[in-house]
Number of protein chains: 2
Amino acid sequence: MSTIPTATISRLVTYLRILTSLENQGIKNTSSEQLAEEAQVSAFQVRKDLAYFGRFGTRGAGYTVPTLRRELRRILGLNRPWNVAIIGMGRLGQAISDYPHFEQYDFSLKACFDNNAKVIGQTMSGHQVYGMDALPQVVKEKGIDIGFLTVPQAAAQAAADALVAAGIKGILNFAPVVINVPREVHVEPVDFLAGLKRVSFYIINPGLKEELA
Amino acid sequence: MSTIPTATISRLVTYLRILTSLENQGIKNTSSEQLAEEAQVSAFQVRKDLAYFGRFGTRGAGYTVPTLRRELRRILGLNRPWNVAIIGMGRLGQAISDYPHFEQYDFSLKACFDNNAKVIGQTMSGHQVYGMDALPQVVKEKGIDIGFLTVPQAAAQAAADALVAAGIKGILNFAPVVINVPREVHVEPVDFLAGLKRVSFYIINPGLKEELA
DNA sequence: GCAAAGGTGTGAAATTTTCCACAATTCATT
DNA sequence: AATGAATTGTGGAAAATTTCACACCTTTGC
């Protein structure tokens, strides 16, 4: 219980998606074998990942889809609403604010911020844009938990500092740079340029890909 | 040499960015200590990561910024042009096709695809949109290496199959689903919804974050 | 030209993560 | 009620990754 691999958390998200898909298909029962196949990991791995958090199956019978799904949502903290804000209303910030399925994914977009005077006060995708100076007050008033950092690379650290000062708990960092925050704030990088460069590496080094049977 | 950790490749991308930033600042020399601090890893880790690929520093003196930068670009395969295509011209695909800095990042957007008859033949952000049936021919003619998969979740596997059949070498998968491809094709997930769910988990489990001093 | 300080490269230890075998339990069938 | 097939949960082995100590090389200052 003391320490859980980061990779386990990523896989739990994958298992949850698979369970949601199974539930939508009306499938009531599943097994570590089936989850493993769809997630492209081993069945051992599925069972070990789940074992960090408890016992959710029935020996000999497998797992009940709605039950395991509910448990995974609880483990991941998705059985409660999360309020999010976008920091940086450039192309990417606008595209995200347009994203249609937020509510269905347990997250609620509550505010947008930018420090460009031309957009402050405007409405984008139905959301009013605040100036960065309003951050502390709006975060407090609207109970914002998580910030999407979609500012240019050069502005990322300063914006992150402002988010931390405003009392935000987690940051989804879309900027292609490592940002520095206190330990109690969790940062998840979302970095397609880095992914693109990793693809480049693995294309020119095809031998370095591990097998999967 | 036989096997290199995936995490090492991700860190190499980070080191390269730091070196580019140092070079832009006119800084000529650096050290594993400095790279480690900016990348938020240990100096041991930096040196070990580099050691997988050779010796790039001078004992007692550190690293020369332009030299190490050039070597990392070579290692990552960024000293050559890569041709990319976007598959799925919805909101996300359009936002990416608008992305202004592609050329500067060693990648060249060569084509856009969609299977919606309403957009096929149109021009988006200066790029003509092809139908999916044109994929094999266009990939071949334009020498496309990498596909950005920006279709809805339900369409992702079929689109990935089409990319593989067309002979693509790598896929940047923006769809929130694990796709299944042959071993010789490398897939990198770029999944902000998964990142968001990991943030949720770490916010409700603050004790599970490892320290860094 | 010598000594001291600074900093890389690397084998080995420590830690983390994954893999595996198997005991334990459940369900279906007769 | 008993047997056999199925499938979970888990302790420990194996593998992968990170951490570390230190030998070794360079530069700087005197």
Side-chain angles (χ1 to χ4, degrees), chain A residues 1-12 14-15 18-19 22 27-65 67-69 71-72 75 198 207-213, chain B residues 1-12 14-15 18-19 22 27-65 67-69 71-72 75 198 207-213:
Chain A
M1 172 68 91
S2 56
T3 177
I4 292 167
T6 314
T8 289
I9 309 307
S10 292
R11 287 188 297 261
L12 292 184
T14 301
Y15 305 152
I18 295 165
L19 289 163
L22 292 174
I27 296 169
K28 293 277 184 267
N29 297 287
T30 187
S31 65
S32 59
E33 192 69 52
Q34 181 175 27
L35 292 171
E37 182 172 338
E38 301 215 17
Q40 295 184 32
V41 299
S42 70
F44 305 121
Q45 186 73 77
V46 173
R47 297 203 297 272
K48 179 65 94 181
D49 286 337
L50 296 176
Y52 284 113
F53 298 95
R55 301 169 173 199
F56 308 107
T58 321
R59 292 186 171 188
Y63 303 94
T64 308
V65 169
T67 305
L68 185 55
R69 176 164 183 272
E71 290 295 315
L72 284 182
I75 289 164
R198 287 192 295 268
L208 293 180
K209 303 197 54 185
E210 64 288 348
E211 28 239 294
L212 260 175
Chain B
M1 174 64 93
S2 57
T3 177
I4 291 167
T6 314
T8 288
I9 309 308
S10 293
R11 286 189 297 260
L12 292 184
T14 301
Y15 306 151
I18 295 166
L19 289 162
L22 292 174
I27 295 169
K28 293 276 183 270
N29 298 287
T30 187
S31 64
S32 59
E33 192 69 51
Q34 179 175 29
L35 291 171
E37 182 171 339
E38 300 215 17
Q40 296 183 31
V41 299
S42 70
F44 304 124
Q45 187 74 78
V46 173
R47 298 202 296 274
K48 180 64 92 181
D49 286 337
L50 296 176
Y52 284 113
F53 298 95
R55 302 172 174 196
F56 307 107
T58 321
R59 294 187 171 188
Y63 304 94
T64 308
V65 170
T67 306
L68 185 55
R69 176 165 183 273
E71 290 295 316
L72 284 181
I75 290 165
R198 287 192 295 267
L208 292 180
K209 303 195 52 184
E210 64 290 346
E211 28 239 295
L212 259 174

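The structure presented is a predicted model; accordingly, all values stated were derived computationally and were not measured. Throughout, protein chains are lettered first and strands after them, A, B, ... in sequence-line order, and every chain is numbered starting at 1.
Between the C1' atom of D:dG9 and the CZ atom of A:Phe53 lies a distance of 16 Å, rounded to the nearest Å. The distance from atom CD1 of A:Ile4 to atom P of C:dT18 is 12 Å, rounded to the nearest whole Å. Distance CG (A:Asp49) to P (C:dC19): 10 Å, rounded to an integer number of Å. The distance between atom CD of B:Gln45 and atom P of C:dT10, rounded to the nearest whole Å, is 16 Å. Straight-line distance from the CZ atom of B:Arg59 to the P atom of C:dT8: 10 Å, rounded to whole Å. Rounded to an integer number of Å, the gap from B:Tyr52 OH to C:dG11 C1' is 13 Å. Computed from coordinates, the A:Lys48 NZ to C:dC22 C1' distance equals 13 Å when rounded to whole Å. In this structure, B:Leu12 places its CG atom 15 Å from C1' of D:dT17, rounding to the nearest Å.
Across the interface with DNA chain C, nearest-nucleotide mapping of A:Thr58 and A:Pro5 shows A:Pro5 to be the residue nearer the 5′ end. Both A:Phe44 and B:Phe56 lie close to DNA chain C; mapped to their nearest nucleotides by heavy-atom distance, the more 5′-ward contact belongs to B:Phe56. Residue A:Glu33 is the one, among A:Glu33 and B:Ala61, whose nearest nucleotide of DNA chain D lies closer to the 5' end (criterion: closest heavy atom).
Residues passing the salt bridge (charged side-chain N to carboxylate O under 4.0 Å, His left out) test with B:Glu38: none are found, sequence neighbours excluded.
Looking at heavy-atom distances under 4.0 Å, B:Ala43 makes no contact with the nucleic acid at all. Using a 4.0 Å heavy-atom cutoff across all strands shown, B:Arg55 reaches sugar-phosphate atoms only and no base atom.
Dashed line: the shortest gap from a side-chain N or O of B:Ser42 to OP1 or OP2 of D:dT19 is under 4.0 Å. Proximity of A:Tyr63 to the phosphate of D:dA6: no side-chain N or O atom is located under 4.0 Å from OP1 or OP2. OP1 or OP2 of C:dT8 lies within a sub-4.0 Å distance of a side-chain N or O belonging to B:Ser32.
We find the CZ-CD distance between B:Arg11 and B:Gln40 to be 13.0 Å, quoted to the nearest 0.5 Å.
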For this session: Please lay out, stage by stage, how A:Tyr15 and A:Leu68 fare under the test side chain to side chain contact (heavy atoms under 4.5 Å, CB included).
Result: CA-CA 9 Å; A:Tyr15 305 152; A:Leu68 185 55; over 6 Å; no
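No more than 12 heavy atoms of other residues, nucleotides or ligands shown are found within 6.0 angstrom of CD on A:Glu37.
The residue from A:Leu19, A:Asn29, A:Leu50 that alone fulfils the side-chain contact (heavy atoms from CB on, under 4.5 Å) condition with A:Tyr63 is A:Leu50.
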